[in-house]
2 protein chains.
Amino acid sequence: MIGTSYLNDRRKAILKAVVEEYILNGQPIGSEELLRKYSLGCSSATIRAELAALEEMDYLSHPHTSAGRVPTEQGYRIYVDHLLTLSPVSFQEEEKISQVLNRQAQDLRNILAEACRLVAAISTYTSLALAPQANQQVMRHIHFVPVSAKQALVILVTSLKVIQDQFLEVSVEVSEEDLEYLSHYLSRRLLGKTPWQCLQELPVIREEQPARLVSLLNQLSTVLHNVFLYEQSERLIVEGAENLLLASDFRNSFTQRRLADALDRRFLLQDVLDRHLTSRNLQIFIGQENEVVEMHDLTLLAMPFEASRYAYGALGLLGPMRMDYAKGIRLLACVTGVLERALSQEA
Amino acid sequence: MIGTSYLNDRRKAILKAVVEEYILNGQPIGSEELLRKYSLGCSSATIRAELAALEEMDYLSHPHTSAGRVPTEQGYRIYVDHLLTLSPVSFQEEEKISQVLNRQAQDLRNILAEACRLVAAISTYTSLALAPQANQQVMRHIHFVPVSAKQALVILVTSLKVIQDQFLEVSVEVSEEDLEYLSHYLSRRLLGKTPWQCLQELPVIREEQPARLVSLLNQLSTVLHNVFLYEQSERLIVEGAENLLLASDFRNSFTQRRLADALDRRFLLQDVLDRHLTSRNLQIFIGQENEVVEMHDLTLLAMPFEASRYAYGALGLLGPMRMDYAKGIRLLACVTGVLERALSQEA
DNA sequence: GGTTGGCACTCTCATCTGGAGTGTGCCAAC
DNA sequence: GTTGGCACACTCCAGATGAGAGTGCCAACC
C-alpha cells in the first residue's frame, strides 16, 4: 500500500464518490458499491485499502465494523474546498428566480422575505436572510400624512428601500398645515442621516418647535427606535424550519426540540451571520465549525450580498451536513445575485 | 348494572375524569387509577362496569384488552358540550395580553401577526389568524409621496387599519404637483369605497386624466389588486406549526409531513375558517368533524372577532384532540377580546 | 511494491420467544 | 346494584438467534 497520509488522485476520486453517494442516499457506502457505481479502475480490495487510508486521514469514518464508510466533517471540508465541481448558474435559472422576486416592486423586508421563502422551498432545507444593519442606511424620505382628526401616519423611507410606517396620535391643536410643515422641516434636517443620527438630532429639533408638536416628535422618536428595534427583532428571517425539523436525519425528538428552540433564538443566529459578514464571500460552516452548539451536526452556507453601497446583508442555507452543496451554493449565488440587482435599482 | 345507554351523574363524572386525565397525561386510564385519584364513591369493579357502559355508548375506547380507556371523538364532544367548566378570564390575564398587543399602535397585519404568535407561544400549539375579507373595508386614505426623480410611494389606508404602501415608477413628465393633485383627486373619488369599487372606478378616472398620469393609475390598479392578493395569500397567518409537528402525539413521520404540507396550503385553511365565520361564536371541530383530512386527529378551536363594523376575522387554535380545551378557549376569548378593543379604537 | 481474490470475523438488524405487568370482563356473593 | 376475586388477553421489554453486509488481513500475483 502507498503512503498512508497522502491524498493522491485515486483517493480524491474515492472520497468524492463516497461524499456524493452519501449526500444522495444517506447510507454508508461499501467498497463493492463503489466498484459497481464508479469506474475507479481497481478492485474492491484496493478500494478497501484506500478507504482505510482515508479513514486513517480522518476524512471518512465507520459507524461500525460491518458498515460502509461515511464522510467525517473533515471529509466534507476537503470535498467543498477541493473536490466540488460547480456548474455556473444558468441564465434561465436566474431569470426564473428574478421573475418571482420582482413580481412587484417591493420594499426590502418583502423582498428578503420572498427570497428566503424561495430558497427554503427550492432547497427543502431552512433558509435565513439577514437584512443590513439599520445604520448602514440613511433617511431618504420622511412624510406625515393626516389620516383623521386624531391620527396621522408617518412614513419613513431609507436608502435601503425600507419603508417604515406607523400611526401616530395627534392632538386637536395640530393642523394639517402643521403636518405639512413638519414634513418639510424634518426632511431638511434629517434626510441623508442614519437613523442613529436622526435620533440624536430629534431632541435639538424639539427645542425649536412649538409645544403642540412635541408629542408628535416624541412619537417619531419611538418610530425611529423601532427602526432599531426591527434591527434587533426582525433583521433575521427564518423560513422552512419545518423542513429541517422533519428531515429524516434528525428523527431524535430531543434534538428536534433543541433545534427548534435554537432557530427561535434569532439573536443568536443573527450574531453569527453578522460576525462573518466581514468576509464578502460565501462561507461554509460544517458541523462543529458552527459556533452554535445546536447546529453541531448541520452545515450553514452563508452568502453575503450588497444591498446598497457598503450595506451588506446575508442569505443563509442551513441543512444537514450531507446537504447537496453544489445545489445549495448555486442557489444562494443565484438568489443573492438577483437580490443585489433588485436592490441596487435605486431611484 | 343500570341501563346501558343512559348518561347519569356518575357516568358523567367518570367520563369527565377520564377525559381530563387523558388531556393531562396522554396515557390510557384504568379503573384503579380513577379510584385512586378521584373520589367517585364506589369500587373499581363498579367503575369498570361504568367504563364498559361508556364504551358501549361510544364515548370511550380501548386501545387493547389490557389497556385503560381513552376518550373517543364523541367523548370529547360530550366533554366540551356538557362537562367542561370554564372559569372566566381574569382581568390580569387580559391586561397582560393587552400590553403585549398594544406595545405600539400598529396596523392590522402586525396586530394579527402578534396575536397569532402570542397564542401559539402560550398554548404551545399552532395558532391561526384570519384577517377580514378585503371588501369588508373601505378606503380611508390615499396619498402619493414623491421619493425621488423616478420613484413615488403610494400609501393606502383602509378602515380596517390596513396600510398598503408600494413604490411606483414615475416618468420624468410627472411633477410633484401632479402627485399632490392626484392624491387629492383620488381621495375625492375613492375614499369610502371598497377596494373592489375602487378597481371598478379606476378605468373611468383614467379617461379623465392627462396621458402622463396613466402609467401611475395603472400601477395603482396593480396595488389595489395586491389588496386582494393579500387577501388570497396573506389573509391567513399560521404560527407555531413546529409545536404541533414536534408534539409527541404525532411522532409518525408520514403524518408529520402531511400535516406540514396541509398547514402550508393556506387557501384550504382559509376556506374552512371563512365558511364558519357566519357563526359569531366559538366553534369547535373535533377530529373527523374537520373538513380537512389531514386534521382528522386534531381539534380546531375557531373564535370569530369583529375587526370593525360588519368585518369579521377569526383566531384559531389547532392542537391534538387531547388539547387543554379549558385553557385554549380562555386564551382565544381573551385575545379576541383584546383584539376587538384594539381594532375598534378607530381614529 | 502495488494489486488482487479469498475468507474469517464482527457487527447490525429483523425476528422470535418468554416472562412480567397491567387492566379487563365475568362471576358468585353480598 | 355493588363488590372482591380471579382467569384471561394483550403489550412491552429483554434476551436469543440467524441472515446479511462489509471489513481487515493474508498469501499470491504482476
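Letters A, B, ... mirror the listed sequences (proteins, then strands); counts begin at 1.
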> Identify whether any heavy atom of B/S31 sits under 4.0 Å from a base atom; if not, whether one sits that close to sugar-phosphate; answer base, sugar-phosphate or nothing.
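B/S31: backbone/sugar contact only, no base atoms under 4.0 Å.
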> Measure CD1/A/I14 against P/D/dT23 and give the value in whole Å, please.
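The answer, rounded to whole Å, is 11 Å.
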> Would you please say whether a donor-acceptor pair under 3.5 Å links the side chains of A/E20 and A/Y79?
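Yes, A/Y79 and A/E20 have a side-chain donor paired with an acceptor closer than 3.5 Å.
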> For C/dT4, does OP1 or OP2 lie under 4.0 Å from any side-chain N or O of A/T46?
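Result: yes.
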> Does C/dA29 have a Watson-Crick or wobble mate here (both distances under 3.5 Å), and if so which one?
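Per the H-bond distance test, D/dT2.
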> Roughly how many Å is it from CZ in B/R36 to P in C/dG23, rounded to a whole number?
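Roughly 8 Å, once rounded to whole Å.
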> Rounded off to whole Å, could you give me the CD-to-C1' distance for the A/E50 and D/dT23 pair?
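In whole Å, D/dT23 C1' and A/E50 CD are 15 Å from each other.
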> Quickly work out the B/Q27 CD to C/dG23 P distance and round it to whole Å.
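Roughly 10 Å, once rounded to whole Å.
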> In whole angstrom, what separates A/E32's CD from D/dG20's P?
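Answer to the nearest Å: 16 Å.
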> Side chain of B/L51 only, heavy atoms from C-beta on: which candidate in C/dT24, C/dC11, D/dT23 is closest?
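My answer, after comparing the listed nucleotides, is C/dT24.
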> Please determine, for C/dA20, whether a Watson-Crick or G-U wobble partner exists with both distances under 3.5 Å, and give it or none.
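Its partner is D/dT11 (Watson-Crick or G-U wobble, both distances under 3.5 Å).
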> Among C/dG6, C/dT3, C/dT24, which nucleotide has an atom closest to any side-chain atom of A/R10?
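Of the candidates, C/dT3 comes closest.
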> Given atom CD1 of A/I47 and atom C1' of D/dC25, what is their separation to the nearest angstrom?
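Taking CD1 of A/I47 and C1' of D/dC25, I get 17 Å after rounding.
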> When the nearest nucleotide of DNA chain D is assigned to B/T65 and to B/C42 on a heavy-atom basis, which residue is associated with the more 5' position?
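Its nearest nucleotide being more 5', the pick is B/C42.
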> Provide, to the nearest angstrom, the distance between the CD1 atom belonging to B/I29 and the P atom belonging to C/dG23.
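In whole Å, C/dG23 P and B/I29 CD1 are 10 Å from each other.
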> Identify which nucleotide among D/dC25, D/dT3, D/dA9 has an atom closest to any side-chain atom of A/R48, counting heavy atoms from C-beta outward.
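Per side-chain heavy atoms of A/R48, the pick is D/dC25.
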> Would you classify A/A45 as touching base, sugar-phosphate or nothing, given that sugar-phosphate means primed atoms plus P, OP1 and OP2, and contacts are heavy atoms under 4.0 Å?
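Since a base atom lies under 4.0 Å of A/A45, the category is base.
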> In whole angstroms, how far is the C1' atom of D/dG22 from the CD atom of A/E55?
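To the nearest whole Å, that distance equals 12 Å.
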> Side chains of B/Y38 and B/E21: any donor to acceptor distance under 3.5 Å?
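Short answer, yes.
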> Would you say B/R69 reaches C/dT24's phosphate, i.e. side-chain N/O to OP1/OP2 under 4.0 Å?
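B/R69 to C/dT24 OP1/OP2: side-chain N or O found under 4.0 Å.
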> Indicate whether the side chain of A/S61 and that of A/R69 have a donor and an acceptor atom separated by less than 3.5 Å.
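Distance-only check fails for A/S61 and A/R69.
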> Picking from C/dT24, D/dT2, C/dT4, which would you name as closest to the side chain of B/H62?
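Nearest nucleotide to the side chain: C/dT24.
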> Take a 6.0 Å sphere around NE2 of B/H296 and say whether it holds more than 12 heavy atoms from other residues, nucleotides or ligands.
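Yes, the 6.0 Å shell around NE2 holds more than 12 heavy atoms from other groups.
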> Has the side chain of B/T126 got a donor or acceptor atom that lies under 3.5 Å from a matching backbone atom of B/G240?
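A pair under 3.5 Å: yes.
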> Can you figure out which of D/dG22, D/dT3, C/dT3 approaches the side chain of B/S43 most closely?
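Nearest to the side chain of B/S43 among the choices is D/dT3.
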> Is it the case that the side chain of A/Y325 and the backbone of A/M321 share a donor-acceptor pair, with hydrogens and angles ignored and the cut-off at 3.5 Å?
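Yes: the side chain of A/Y325 pairs with the backbone of A/M321.
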> Please tell me which of B/S44 and B/H64 maps to the more 5' nucleotide of DNA chain D, matching each residue to the nucleotide holding its nearest heavy atom.
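It is B/S44 whose nearest nucleotide is closer to the 5' end.
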